[in-house]
Amino acid sequence: MAEIVVFASGTGSNFEAIVHGLSGTPHMVACLITDNPNAPAVDRAKRLGVPHRIIPYGKPRIEAETRIRAALEPYRPTLIVLAGFMRLLSPGFVDSFPDRILNIHPSLLPRHPGLNAIRGSYESSDEDAGITIHIVDHGVDTGPILFQKSFKKSECHDFEEFEDRIHTLEHTWFPVVINDYLAKIEEPVHRR
Ligand code: GRF
């Protein structure tokens, strides 16, 4: 059985999809961590009965990360999952959890990294669009890709339909990819 900690800054729809998607597996979401006290993800955590910790960011970010490390200590998670976490983790933090941090991004990386990827993908001349789930490295949306799922943009009539299609793919596949990844890795890692 693996304990997972999800980091999210906003709506938290992927967080909720992961909680539901992992029920019925040996794994569980042990905690939600957010940098945003007003994140709807916090309401979802309360409703789902998942413990949450609010850790606001100031400068330097390393201070927030120190508090995050302390918050993780009781869980010693096998995997950290970034699901709409709007902060860039420091290289030191990432190196503490080698190959144990996953991120989801709403485009077919390496196309459209960073912010506003859904809009960027929609307005581009690309014929296809989709989602990427990858291991986090020191860059922004640059880590090794675990999974991608695409569709033809021409299948969507407008931006709302396009956005819905992206989010449906995310909610469907993120729990599956997490479960598959957990099957491939073994020991909890929590280096300092
Ligand atoms: C998702 O589109 C995800 O790909 C991106 O941020 C969004 C988070 O949405 N990284 P939500 O908070 O899970 O609803």
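Whatever order the structure lists them in is the order used to number ligands and atoms, beginning at 1.
Side-chain contact of D126 with S124: a donor-acceptor pair under 3.5 Å is present, judged by distance alone. When only modelled atom types and interatomic distance are considered, D35 and S9 share a side-chain donor-acceptor pair under 3.5 Å. With no hydrogens or angles considered, a side-chain donor-acceptor pair links H171 and S13 at under 3.5 Å.
In the hydrophobic clustering of this structure, F15 does not group with I54; members are Ile, Leu, Val, Met, Phe, Trp, Tyr whose side-chain heavy atoms approach within less than 4.5 Å, directly or through other members.
When only non-hydrogen protein atoms are considered, atom 3 (C) of ligand 1 lies nearest to E170 OE2, 3.2 Å. With respect to atom 6 (O) of ligand 1, the closest heavy atom belonging to the protein is G84 CA, 3.4 Å. Scanning the protein heavy atoms around atom 9 (O) of ligand 1, the nearest turns out to be N14 ND2, 3.8 Å. Looking at atom 12 (O) of ligand 1, its nearest protein heavy atom turns out to be G12 N, 2.7 Å.
On a distance-only criterion, N103 and ligand 1 share no N/O pair closer than 3.5 Å. Taking distance alone, with nitrogen or oxygen atoms compared against 3.5 Å, I104 approaches ligand 1 more closely than that limit. Checked by distance only, ligand 1 and G10 stay at 3.5 Å or farther apart across all their nitrogen or oxygen atoms.
When each of I101, T142, D95, N103 is tested with D137 by the rule side chain to side chain contact (heavy atoms under 4.5 Å, CB included), just one qualifies, namely T142. When I33, L32, V81 are each tested for a side chain to side chain contact (heavy atoms under 4.5 Å, CB included) with F7, only one passes: I33.
Interface of T11 with ligand 1, defined as ligand atoms under 4.0 Å from a residue heavy atom, comprises 12 (O), 14 (O). In summary, the atoms of ligand 1 found under 4.0 Å from a heavy atom of H167, numbered by their order in the structure, are 2 (O).
Judged by the 6.0 Å and 45° rule, R119 forms a cation-pi pair with F159.
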